[in-house]
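Have a look at the structure below before the remarks.
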Amino acid sequence: MPAPSDREFPSRPIVGVGAIIVDGDAVLLVRRLHEPLKGQWSLPGGAVEVGETLDAAIAREVREEAGIEIDVGPVVEVLDRIRLDTDGRARFHYVLVDFLCRLKSGRVTAGSDADAASWVDVDALAAHDVAAGTVSVIQKAFARHRAGDWAPRGGYARLE
């Protein structure tokens, strides 16, 4: 994982992953302990490490931030998250790949990069001040989940 100093004003975008973990009508959210999004509720996830597959990265990040194991499903969205400073320079620039996931095992507890973790009813996202873009991705994931459009990705594929 890039050091925190490498994440701020990066020389190139950082690849990150996010997990939309569905359990009934609830989604798992974490409150971020560090920038970017410090103090805000968001999806569990983080930066992909060199040599790590997307599946392994999302499983690791969820384990670290929420203490649970997941089944990784389909990609829901790929998007940019760019935060500019007052001079218009990219202070943070992530390319995020968000996955629809399911709880496999464990009990949710806030971990390394989160000061809280909670199951939140999809209709109560506004009360947690979740960013509009994140709400949109969560709604898209729930629509796919409710339509039965879910299948595990089948392991950690790596092209060589």
Side-chain angles (χ1 to χ4, degrees), residues 1-23 26-73 75-122 124-142 153 156:
M1 161 172 18
S5 61
D6 294 343
R7 292 182 184 200
E8 202 165 0
F9 301 104
S11 61
R12 62 180 44 110
I14 297 168
V15 177
V17 290
I20 305 133
I21 308 166
V22 174
D23 187 21
V27 63
L28 183 65
L29 296 179
V30 295
R31 191 169 51 214
R32 295 269 163 225
L33 194 56
H34 306 290
E35 291 292 351
L37 303 179
K38 181 178 179 176
Q40 295 180 26
W41 288 94
S42 187
L43 298 170
V48 177
E49 296 178 358
V50 173
E52 186 177 46
T53 65
L54 296 172
D55 291 48
I58 195 59
R60 174 187 51 77
E61 285 288 347
V62 169
R63 191 178 314 109
E64 289 174 0
E65 292 183 3
I68 61 173
E69 299 296 325
I70 57 170
D71 287 320
V72 180
V75 172
V76 174
E77 190 74 80
V78 178
L79 53 105
D80 294 294
R81 173 151 291 148
I82 302 170
R83 291 252 168 127
L84 303 177
D85 70 1
T86 56
D87 296 324
R89 296 179 302 154
R91 181 175 176 204
F92 297 101
H93 184 168
Y94 290 89
V95 175
L96 301 175
V97 183
D98 289 332
F99 294 88
L100 179 57
C101 301
R102 290 185 188 169
L103 174 65
K104 186 176 185 177
S105 64
R107 186 169 179 192
V108 172
T109 56
S112 62
D113 290 329
D115 68 0
S118 181
W119 291 105
V120 176
D121 189 275
V122 72
L125 294 173
H128 283 75
D129 196 27
V130 178
T134 303
V135 171
S136 176
V137 170
I138 291 169
Q139 290 170 337
K140 186 175 180 179
F142 266 85
R153 286 176 44 90
Y156 306 133

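Residue numbers count from 1 along this sequence.
The two residues I70 and C101 make their nearest non-hydrogen contact at CD1-SG, 3.8 Å. Smallest separation of non-hydrogen atoms from E61 and A47: OE2-O, 3.5 Å. Taking each heavy atom of A19 and V62 in turn, the nearest pair found is CB-CG2, 3.6 Å. Scanning all heavy atoms of the two residues, the minimum distance from V30 to A117 falls at CG1-CB, 3.9 Å. Here the shortest heavy-atom pairing between L43 and L28 reads CD2-O, 4.2 Å. Here the closest non-hydrogen pair linking I21 and L103 is CG2-N, 3.8 Å.
For H128, the ring pair (Phe, Tyr, Trp, His ring centres under 6.0 Å) partners are W41, not counting sequence neighbours. Checked against side-chain contact (heavy atoms from CB on, under 4.5 Å), L84 has the following partners two or more places apart in sequence or in another chain: I82, A90. Every salt bridge (Lys or Arg N to Asp or Glu O under 4.0 Å) that R89 has, sequence neighbours left out, goes to D85. For D115, the salt bridge (Lys or Arg N to Asp or Glu O under 4.0 Å) partners are R31, not counting sequence neighbours. In terms of the side-chain contact (heavy atoms from CB on, under 4.5 Å) criterion, residue partners of V15 (sequence neighbours excluded) are, by chain and number, V48, L54. Taking the side-chain hydrogen bond (donor to acceptor under 3.5 Å, both in side chains) definition, one finds that K104 meets it with nothing, sequence neighbours left out. Taking R81 as the reference, nothing meets the salt bridge (Lys or Arg N to Asp or Glu O under 4.0 Å) condition, with sequence neighbours excluded. For A131, the side-chain contact (heavy atoms from CB on, under 4.5 Å) partners at least two apart in sequence or on another chain are T134. When the side-chain hydrogen bond (donor to acceptor under 3.5 Å, both in side chains) test is applied to E69, the partners found at least two apart in sequence or on another chain are R63. In this view, Q40 and L37, R83 satisfy the side-chain contact (heavy atoms from CB on, under 4.5 Å) rule, not counting sequence neighbours.
Surrounding CG of D80 are more than 12 heavy atoms belonging to other residues, nucleotides or ligands, all under 6.0 Å away.
Proximity of L79 to V137: side-chain heavy atoms (C-beta onward) are separated by under 4.5 Å at one or more points.
To the nearest 0.5 Å, the span separating CG on L100 from CZ on F142 amounts to 8.5 Å. Here the straight-line distance linking atom CD of E77 with atom CD1 of I138 works out to 12.5 Å at 0.5 Å rounding. In this structure, the separation between CG on L96 and CD1 on I14 is 10.5 Å, given to the nearest 0.5 Å. Note that CG of D98 and NZ of K140 are 10.0 Å apart. Values are rounded to the nearest 0.5 Å.
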Exercise. Between V22 and V122, is a side-chain contact (heavy atoms from CB on, under 4.5 Å) present by the stated rule, with each step listed?
Worked result: CA-CA 9 Å; V22 174; V122 72; over 6 Å; no

